[in-house]
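Scope of the values below: all heavy atoms of this structure, side chains included, with no hydrogens, waters or symmetry mates.
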Amino acid sequence: MKIASIESIPLRIPFTAGGRSDAGAWGGANLQTVDSLIVKVTTDTGVVGWGETFGFTAIPAVRVVIDSILAPELVGRDATQLEKLMLDMQKKFHIFGRSGAFIYGLSAIDIALWDIAGKVAQKPVYQLLGGSDATSLRSYASLIRYSDPELVRENVRRAVADGYRHLKLHEIDVDCVRAAREAAGDDIEITLDVNCPWSVREALDMTDRLRPFNLRWIEEPVWPPENYSGLAQIRREGGIPVAAGENASTLMDFQHLLEAKAVDFIQPSPAKMGGITELKKVFALANANNITVMVHTFYDGPGLLASVHASAALGGSGALVEWRYFDLEAQLYGDAIVPENGAIAVPQGAGLGLEPNADVIRDYRGV
Ligand SMILES: [Mg+2]
């Protein structure tokens, strides 16, 4: 079974998030649309698999990599030799970057090839990864940045009313975090993702001020994201557990993160760091280091499904899946993947278990 074609498909779907958003790592203020990039891989036997890479402003660069560089290399290759294909591509193109567009594009193709592998085996991907008896996983509502305590308060209340027991904020000031804790009460688990704004000293000053709010973790507190010794210092001295890893790429980078004792929670992002092939190795590595994997999942397509399957099979009872708390005008999978009472269903169909809605792809295809 050979790879016959690889097609990249950008999507642009309007959304609302319960009020005006502030600028963040994902884009400008008052963001109106979610831009995502999915890939469709078709085999010479007619099996179709779907993958996804990280979207937003990276899309044009990743498309060029997929369409002009990776697809010509991969078409005609054996679709079942996932491990070998991924290693061959990483080796062949390593001098052009070990993260960013190359690995993002490769990640999307890898996820699609796992979808194909599951469909051929007639098993869901989580079974290929070792199996699970979980039919759903707890999920956390990942709120966009508002930088407005009132909006934070309102949206925390909304998420709690929707049944979430776990929330993530993307705020960077103390007043917004205080508003969230006051609105949520003491029993809701809150994490804070600040997306690398601070020096180590600034981060320690902030952890001093944030400690009263009982955060489950602080995510990427220091600049730059690969400042692993800086993260380790926050972990030792900050008094709040540290999470990071969405900007780490490929297995060796995660090894460096763990060697530095930089994190309490490690956050591989399957659509950025090498797909399911690389993600399953990070679970093993994290187990050996007694560190919990919390898969980064700022996606709502095949990248989300990859996280769900891997977390179901490999994440143990503590698995928690990120759910972007956006109201999208259209969902690629309809309601099938939308959490209910803070739990996300583990798809039971073959491969990734759900097929993208063709009408949504037609109606929201980007340029
Ligand atoms: Mg993050």
Side-chain angles (χ1 to χ4, degrees), residues 8-39 50 52-64 101 104 108 139-159 161-162 164 167-173 176 179-180 183 192-197 219-220 246-247 269 271-272 296-305 307 321-339 344 356-367:
S8 63
I9 304 169
L11 299 176
R12 171 165 282 187
I13 303 182
F15 79 104
T16 56
R20 190 179 192 281
S21 62
D22 197 0
W26 46 83
N30 203 20
L31 199 61
Q32 303 287 314
T33 58
V34 172
D35 288 347
S36 55
L37 183 62
I38 58 174
V39 299
W50 295 91
E52 181 179 14
T53 182
F54 196 42
F56 300 102
T57 44
I59 287 174
V62 183
R63 274 199 97 185
V64 168
Y104 289 12
S139 64
Y140 65 84
S142 192
L143 276 60
I144 202 163
R145 180 176 299 162
Y146 300 99
S147 300
D148 175 337
E150 264 324 295
L151 278 178
V152 171
R153 211 181 293 275
E154 273 173 38
N155 285 290
V156 163
R157 287 205 190 103
R158 194 164 65 95
D162 278 353
Y164 290 96
L167 308 176
K168 184 195 275 184
L169 308 173
H170 284 91
E171 305 301 331
I172 46 171
D173 71 83
C176 286
L192 177 65
D193 183 357
V194 292
N195 294 107
C196 312
E219 182 170 330
E220 292 198 306
E246 71 185 83
N247 288 303
S269 190
K272 294 175 75 176
H296 171 263
T297 311
F298 212 63
Y299 325 113
D300 42 45
L304 168 63
L305 297 183
S307 294
V321 176
E322 181 169 17
W323 172 258
R324 212 157 46 184
Y325 193 58
F326 293 179
D327 296 317
L328 288 165
E329 189 174 288
Q331 289 281 352
L332 207 50
Y333 303 117
D335 290 337
I337 202 72
V338 178
I344 193 163
N357 184 308
D359 293 342
V360 172
I361 292 176
R362 185 197 61 220
D363 295 345
Y364 295 94
R365 199 169 183 127
V367 283

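For the pair Val360 and Gln331, the minimum side-chain heavy-atom distance is 4.5 Å or more. Using a 4.5 Å heavy-atom threshold, the side chains of Ile361 and Ile9 count as touching. Between Val34 and Phe15, some side-chain heavy-atom pair lies under the 4.5 Å cut-off. Between Asp35 and Leu11, the closest side-chain pair of non-hydrogen atoms is not below 4.5 Å. Looking at heavy atoms from C-beta onward, Phe56 lies in side-chain contact with Leu31 at the 4.5 angstrom threshold. Looking at Asn30 and Asp22, their side chains never come closer than 4.5 Å, going by heavy atoms from C-beta outward. In this structure, Ser36 and Glu52 have side chains that are in contact, with non-hydrogen atoms separated by less than 4.5 Å. Side-chain contact check for Arg145 versus Ile172: some heavy-atom pair is nearer than 4.5 Å.
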* Would you check, one step at a time, whether the test side-chain contact (heavy atoms from CB on, under 4.5 Å) holds for Val194 with His170? => CA-CA 6 Å; Val194 292; His170 284 91; over 6 Å; no
* Evaluate the criterion side-chain contact (heavy atoms from CB on, under 4.5 Å) for residue pair Val321 and Tyr140; output intermediate values, then yes/no. => CA-CA 6 Å; Val321 176; Tyr140 65 84; over 6 Å; no
* Asked: For Ile144 and Trp26, what are the C-alpha separation, side-chain angles and deciding distance, and is it a side-chain contact (heavy atoms from CB on, under 4.5 Å)?
  -> CA-CA 9 Å; Ile144 202 163; Trp26 46 83; 3.5 Å; yes
* To do: Walk me through it: do Trp50 and Ile38 pass the test side-chain contact (heavy atoms from CB on, under 4.5 Å)?
  => CA-CA 7 Å; Trp50 295 91; Ile38 58 174; 3.9 Å; yes
* Would Arg157 and Asp162 count as a salt bridge (charged side-chain N to carboxylate O under 4.0 Å, His left out) if you check the C-alpha gap in whole Å, the side-chain angles of each, and the deciding distance to 0.1 Å? -> CA-CA 9 Å; Arg157 287 205 190 103; Asp162 278 353; over 6 Å; no
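For the residue pair Gly18 and Asn155, the shortest heavy atom distance occurs at O-ND2, 2.8 Å. Across every non-hydrogen atom of Phe326 and Ala17, the tightest pair is CD2-CB, 4.5 Å. Listed here is the closest heavy atom pair of Pro10 and Leu37: N-CD1, 3.7 Å. Tyr325 and Tyr164 get closest at one heavy-atom pair: CE1-CE1, 3.8 Å. Here the shortest heavy-atom pairing between Leu167 and Ala159 reads CD2-CB, 3.6 Å. Taking all atoms of both residues into account, the shortest heavy-atom contact from Leu332 to Gly301 is CD2-CA, 3.9 Å.
Judged purely by distance below 3.5 Å, without hydrogens or angles, the side chains of Thr53 and Tyr299 never pair a donor atom with an acceptor atom. A donor atom on one side chain and an acceptor atom on the other are found under 3.5 Å apart for Ser8 and Arg63. Tyr146 and Glu154 are not linked by any side-chain donor-acceptor pair at a separation below 3.5 angstrom, with hydrogens and angles left out of the test. For the residue pair Asn247 / Glu220, a side-chain donor-acceptor distance below 3.5 Å is found, with atom types taken as modelled.
Taken from CG in Leu304 to OG in Ser139, the straight-line distance is 9.5 Å, to the nearest 0.5 Å. Residue Thr297 holds its OG1 atom at 5.5 Å from CD of Glu322, rounded to the nearest 0.5 Å. Put simply, OG on Ser269 and CD on Glu246 are 6.5 Å apart, with the number rounded to the nearest 0.5 Å.
Taking the ring axis of Phe54 as reference, the NZ or CZ atom of Lys272 stays within 45° of it and closer than 6.0 Å to the ring centre. At least one cation-pi condition fails for Arg12 and Tyr364: the charged atom is not both under 6.0 angstrom from the six-membered ring centre and inside a 45 degree cone around its axis.
Evaluated for a side chain to side chain contact (heavy atoms under 4.5 Å, CB included) with Leu328, the options Ile13, Thr16, Thr33, Val338 yield exactly one hit, Ile13.
Other residues, nucleotides and ligands contribute more than 12 heavy atoms inside 6.0 Å of the CG atom of Asp359.
Aromatic ring pairs are classed by plane angle as parallel below 30°, tilted from 30° to 60° and perpendicular above 60°; the pair His296 and Phe298 is parallel.
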